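Start at 1 and go down the list; that is how both ligands and their atoms are numbered. Model, not experiment: these values are computed from the prediction.
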Amino acid sequence: MSYVDKIIADIEKKNADQPEFLQAAKEVLESLRVVVDNNSKYEDAALLERLVEPERIVQFRVPWVDDSGKVQVNRGYRVEFNSAIGPYKGGLRFHPSVNLSIIKFLGFEQIFKNSLTGLPIGGGKGGSDFDPKGKSDLEVMRFCQSFMTELYRHIGPDTDVPAGDIGVGGREIGFMFGQYKRIVNAFQGVLTGKGLDWGGSLARTEATGYGLVYMVEEYLKSISDSFEGKTVSVSGSGNVAIFATQKVQQLGGKVVTMTDSNGYIHHAVGIDLDAIKEIKLVQRGRLKDYAAKHTDAVYKEVGDGSVWDIPVDIALPCATQNELDLNNAKTLVANGVKIVGEGANMPTTQDGADYFIENKITFFPGKAANAGGVGTSALEMSQNSERLSWSFEEVDKQLNRIMVNIFHNINDAAKEYGQAGNFVAGANIAGFKKVAQAMLDQGII
Ligand code: NDP
């Protein structure tokens with residue numbers, strides 16, 4: 001049995017109840033066969049056994065009091081997966097679907113993503129099954145304060161620096177940062193995604209969506225093409241989706257779809273992004289409200305077809321994991337899609353991703369394509385250490401540079417290992433090699 005097969009059998013046995021973690025880990029391990037099966041130094045050092053086991057998992061109780069005076073209890077997590085190349089770094093997700101499998105899959109992906117940014121950040125992820133939707137600001141504040149009252153002891157500016165993710169935006173980061181500062185009595189860059197007046201970085205809000213589009217743009221440039229005139233479908237209508245849409249529009253592409261957890265809109269003349277921002281960022285409303293105002297847009301509830309049924313040149317899934325399956329992939333390919341770029345983490349199922357690659361669709365996995373968010377978080381950490389704030393243009397330029405570098409690194413790695421054009425393999429291999437070497441250099445820890 002090969003080294004990789006042994007590790008896959010082992011993780012399947014130990015984590016049978018963690019499907020998302022197994023999916024993410026197996027995808028990476030499959031790509032690493034060409035690296036580790038021919039080089040015994042990895043097996044001799046039990047490198048993969050260590051890589052798939054988090055350095056630390058913290059799980060805790062989060063009690064809080066709702067507006068009616070009733071005590072509620074949620075579950076909190078922080079998975080500190082790998083610190084070989086820097087402090088743990090990765091977002092916090094607040095969503096009812098959160099469980100240990102999801103946090104472990106996200107933390108595992110984060111190791112390779114952070115490595116690809118070229119910046120000194122390790123991999124981690126956390127969150128809670130708390131649902132901020134429908135809660136008052138005061139309820140969200142009480143929850144965030146309780147969450148941080150436990151989390152604070154596990155994090156620190158040189159130890160672990162969380163950020164936002166699904167359900168955790170500027171409001172939640174503010175409440176958590178305030179509580180951290182109150183407990184430790186120090187103003188430290190312990191969270192990223194902070195407000196601009198208290199340590200945040202310009203362009204962090206835009207970074208993940210912009211970065212995704214910068215990567216696709218660099219690929220298009222490499223084939224003497226551009227976004228000009230391309231039709232694009234985007235899923236989600238949160239942070240990543242909104243700023244991916246904005247950048248596509250700035251580059252001359254036309255985004256025709258968006259989704260939320262209730263349904264999707266198809267607006268053939270192009271999405272009115274100001275209306276989306278008003279509904280989603282100001283009113284915290286639903287996409288249905290968009291269709292009510294734009295009578296030429298079509299709104300469909302979940303279950304009534306799929307956003308991936310719409311014919312487009314480029315598809316950018318930016319909502320959540322496993323939102324694009326094999327059937328969706330087949331429909332997109334049949335309708336002529338050329339490029340798929342993942343803004344979300346693992347939005348494409350394994351068979352869907354395989355289908356794109358087999359059919360020579362240019363497919364950028366989330367761990368490369370959405371790395372601009374964490375890359376810019378690392379730039380926020382640098383600014384906090386310097387006690388300086390860089391201009392929007394400076395941060396945006398660095399973000400662009402990070403994404404262009406990642407594109408070329410994963411492209412080169414794929415070619416070096418005989419898989420030209422397979423950016424999944426390229427991202428996994430390039431991300432792994434740096435972390436693996438750091439782990440080897442640091443001994444058996
Ligand atoms: P937001 O919470 O801002 O937006 C998430 C969007 O996806 C919303 O439109 C939401 O709909 C939809 N969504 C979430 N869960 C589901 C679900 N289970 N089914 C259907 N729709 C769903 O999150 P972000 O935009 O920040 O994150 C989106 C993705 O990008 C995630 O996979 C995240 O891990 C990834 N990512 C985010 C980064 C960042 O910087 N924010 C960095 C790197 C990756 P609704 O409004 O109805 O809930």
For the pair Lys293 and Asp272, evaluate salt bridge (charged side-chain N to carboxylate O under 4.0 Å, His left out) and give the outcome as yes or no after the intermediate values.
-> CA-CA 11 Å; Lys293 285 192 196 120; Asp272 171 358; over 6 Å; no

Mind checking whether [X] has an N or O less than 3.5 Å away from an N or O of ligand 1?
X      : result
Gly236 : no
Lys113 : no
Asp165 : yes

Check each of [options] against [atom] and report the one with the nearest heavy atom.
atom                    : options                        : value
atom 43 (C) of ligand 1 : Leu281, Thr376, Asn370         : Asn370
atom 8 (C) of ligand 1  : Ala319, Gly343, Ser237         : Ser237
atom 30 (O) of ligand 1 : Ala207, Ala241, Ala344, Pro317 : Ala344
atom 16 (C) of ligand 1 : Asn322, Thr259, Thr320         : Thr320

Enumerate the atoms of ligand 1 whose separation from the nearest heavy atom of Arg93 is less than 4.0 angstrom.
-> 31 (C), 32 (O), 33 (C), 34 (O)

In terms of atom number and element, which parts of ligand 1 are under 4.0 angstrom from non-hydrogen atoms of Arg286?
-> 45 (P), 46 (O), 47 (O)

Please table the atom pairs, donor to acceptor, closer than 3.5 Å between any side-chain atom in residues 188-195 and protein atoms at least two apart or in another chain.
residue	atom	partner	partner atom	Å
Gln188	OE1	Tyr180	OH	2.8
Thr192	OG1	Lys89	NZ	2.9
Thr192	OG1	Ser377	OG	2.9
Lys194	NZ	Leu191	O	2.6
Lys194	NZ	Glu380	OE2	2.9
Lys194	NZ	Asn384	OD1	2.7

With the threshold set at under 4.0 angstrom, would you say [X] reaches ligand 1 through any of its heavy atoms?
X      : result
Met346 : no
Ser97  : no
Met258 : no

Taking the six-membered ring for Trp, is the centroid-to-centroid distance between Phe423 and Phe407 below 6.0 Å?
-> yes

Apply side-chain contact (heavy atoms from CB on, under 4.5 Å) to the pair Phe356 and Val333, showing each step before the final yes or no.
-> CA-CA 8 Å; Phe356 286 135; Val333 173; 3.9 Å; yes

Report the nearest protein non-hydrogen atom to atom 38 (C) of ligand 1: residue, atom name, distance rounded to 0.1 Å.
-> Thr208 OG1, 3.6 Å

Electrostatic pair Glu301-Lys288, nearest N-O below 4.0 angstrom =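 Yes, Glu301 and Lys288 are salt-bridged.
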
Worked verdict on Lys230 versus Asp313 for salt bridge (charged side-chain N to carboxylate O under 4.0 Å, His left out) = CA-CA 6 Å; Lys230 300 274 187 306; Asp313 303 307; over 6 Å; no

Are Lys135 and Phe94 in a cation-pi setup, meaning NZ or CZ lies under 6.0 angstrom from the ring centre and within 45 degrees of the ring axis?
-> no

Which is it for Glu323 and ligand 1 at heavy atoms under 4.0 Å: side chain, backbone, both or neither?
->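 The answer is neither; Glu323 stays 4.0 Å or more away.
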
